[in-house]
Amino acid sequence: MNKKRRIQAFLFVVPALVVLAVFVYVPLLSNIFNSLHSFGLSSTTKEWMGLANYKQLFTDKTILICLKNNILYAIISIIFQVGGGLVLAAVLEDVAFRKSAPIFRTIYFIPTILSMTVVCLLFEFIYNPQMGLLNSFLSTVGLDSLTKVWLGSKKTAMYAIIAVSQWQSFGYVTMLFIVAIQKIPHELYEAAEVDGAGKIQRFFSITVPQVRQMMFVTMVLTVVGAFTVFNEPYILTGGGPGTATEVLALYMYQTGFVKNNMGYASAIAMLIFVITAILSSVQFMTIGTEKEDR
């Protein structure tokens, strides 16, 4: 009987294993193979390169620029999306906002369901130096000195792109934290209130520890998203001006499909995979440590 159940259990797992093999493991192994060769999109043969493509990663100055931009993207995203999302979720779940919370949840979540292409086109208009809403607003309130060519300046282009991502993803992270906060027993807040703890004290002593696991989940999502970001820089600047907004995913695309160097593009893809896998593993191991401590 036990053997029959094991066979049945295995049969239920088989479809998932097939999907993983077809869409994850086979492409991954294929990409590793491709990264060891030199070839183009129309090539009928592949030239063996060994580790030459990987050695090029360490001498490619554009890779360093990409890593810098991706790291900046990740840091700002963690601060605004994870940190800001947690604060906003706590505010919306406060008793004072309980009646109006559903309306605000909808408002903050709307950007998440919009197409990134639509969002980028919207922000292209906002950032437009001549007729854009941002410069027009700054001029109207007497801050003409702050008006800039937001997407055309090396100093502001990357921050302008990151701002688009924060606006679009902020509501999603907030909703995840709202779900986590709603699972916290109200008795904890009532007991803290009886002891004279204020709202800020209750936030740091009850809310933050209770949603720690969700915090790590959102950090994983945010960091992985920061190192695989493509749409925003591709649509808004194409990596420019110069290489100021170049990120790993965009550079991989340009190397493979514009420069027709699919072997090196595969090596860049492996770099993205290794970075995201390491960061995710570290965060998941941290979650496991937290659970063991409890």
Side-chain angles (χ1 to χ4, degrees), residues 13-75 77-78 115-117 120 158 161-162 165 169 217-240 243 245-285:
V13 174
V14 167
L17 293 176
V18 171
V19 171
L20 281 172
V22 172
F23 294 101
V24 178
Y25 298 119
V26 171
L28 178 61
L29 293 173
S30 176
N31 190 75
I32 294 173
F33 176 79
N34 290 335
S35 67
L36 300 174
H37 293 78
S38 176
F39 65 101
L41 286 169
S42 58
S43 300
T44 56
T45 58
K46 298 178 181 180
E47 180 185 353
W48 172 260
M49 296 288 289
L51 297 177
N53 287 326
Y54 291 99
K55 290 178 181 178
Q56 187 178 343
L57 290 174
F58 294 98
T59 57
D60 192 339
K61 294 181 180 179
T62 306
I63 289 291
L64 294 177
I65 295 173
C66 292
L67 286 171
K68 177 184 174 182
N69 288 335
N70 281 114
I71 291 171
L72 178 66
Y73 215 110
I75 292 172
S77 296
I78 289 173
S115 166
M116 180 51 72
T117 302
C120 289
M158 195 64 219
I161 290 174
I162 294 174
S165 180
S169 304
V217 171
T218 54
M219 285 180 66
V220 170
L221 294 173
T222 301
V223 170
V224 171
F227 277 92
T228 57
V229 64
F230 172 80
N231 291 329
E232 295 93 314
Y234 175 72
I235 297 172
L236 290 171
T237 62
T243 55
T245 58
E246 200 77 65
V247 291
L248 288 172
L250 179 58
Y251 187 48
M252 175 190 68
Y253 167 81
Q254 291 173 339
T255 301
F257 294 96
V258 179
K259 298 178 182 178
N260 199 29
N261 188 350
M262 296 300 293
Y264 187 48
S266 299
I268 298 173
M270 287 307 303
L271 175 63
I272 298 173
F273 170 76
V274 170
I275 291 173
T276 54
I278 290 173
L279 292 175
S280 300
S281 298
V282 169
Q283 289 173 318
F284 278 119
M285 283 190 292

For Y54, side chain to side chain donor-acceptor pair (under 3.5 Å) partners two or more places apart
S35
Measure across M262 and G256 and return the closest heavy-atom pair with its distance rounded to 0.1 Å.
SD-O, 3.2 Å
Nearest heavy-atom approach of E246 to N69 is O-ND2, 2.8 Å
Flag the pair T243 / Y251 as yes when at least one side-chain heavy-atom distance between them is below 4.5 Å, and no otherwise.
no
Is it true that a side-chain atom of N31 and a backbone atom of P27 form a donor plus acceptor pair closer than 3.5 Å?
no
Who passes side chain to side chain contact (heavy atoms under 4.5 Å, CB included) against T117, sequence neighbours left out?
S115, L121, I235
CE of M270 to CG of L36: how many Å apart, nearest 0.5 Å?
9.0 Å
Note, C66 side chain near T62 side chain (heavy atom, < 4.5 Å)
yes
Any side-chain heavy atom of V247 within less than 4.5 Å of one from I161?
no
Donor-acceptor contact below 3.5 Å, side chain N53 vs main chain S38:
no
Is there a donor-acceptor pair closer than 3.5 Å between any side-chain N or O of S43 and the backbone N or O of G40?
yes
Which residues satisfy the side chain to side chain contact (heavy atoms under 4.5 Å, CB included) test with V13, sequence neighbours excluded?
L17
Partner of I275 under side chain to side chain contact (heavy atoms under 4.5 Å, CB included), picked from N70, T228, L248, I71, is L248
For residues 220-227, please give each side-chain donor-acceptor pair under 3.5 Å, one per line with the distance, not counting sequence neighbours.
unit_1 : atom_1 : unit_2 : atom_2 : d
T222   : OG1    : T218   : O      : 2.6

In this structure, which one of T255, D60, N34 forms a side chain to side chain donor-acceptor pair (under 3.5 Å) with Y264?
D60
Which atom of V229 lies closest to which atom of P233, heavy atoms considered:
CG2-CD, 4.1 Å
With a 4.5 Å heavy-atom cut-off, do M116 and C120 have their side chains touching?
yes
Tell me, which pairs form a ring-ring contact (aromatic ring centres under 6.0 Å, His included) where one or both residues lie in residues 13-40, sequence neighbours left out?
F33-H37, H37-W48
Side-chain donor-acceptor pair present, T245, T237, cut-off under 3.5 Å:
yes
Side chain to side chain donor-acceptor pair (under 3.5 Å) partners of N261, counting only residues at least two apart
none
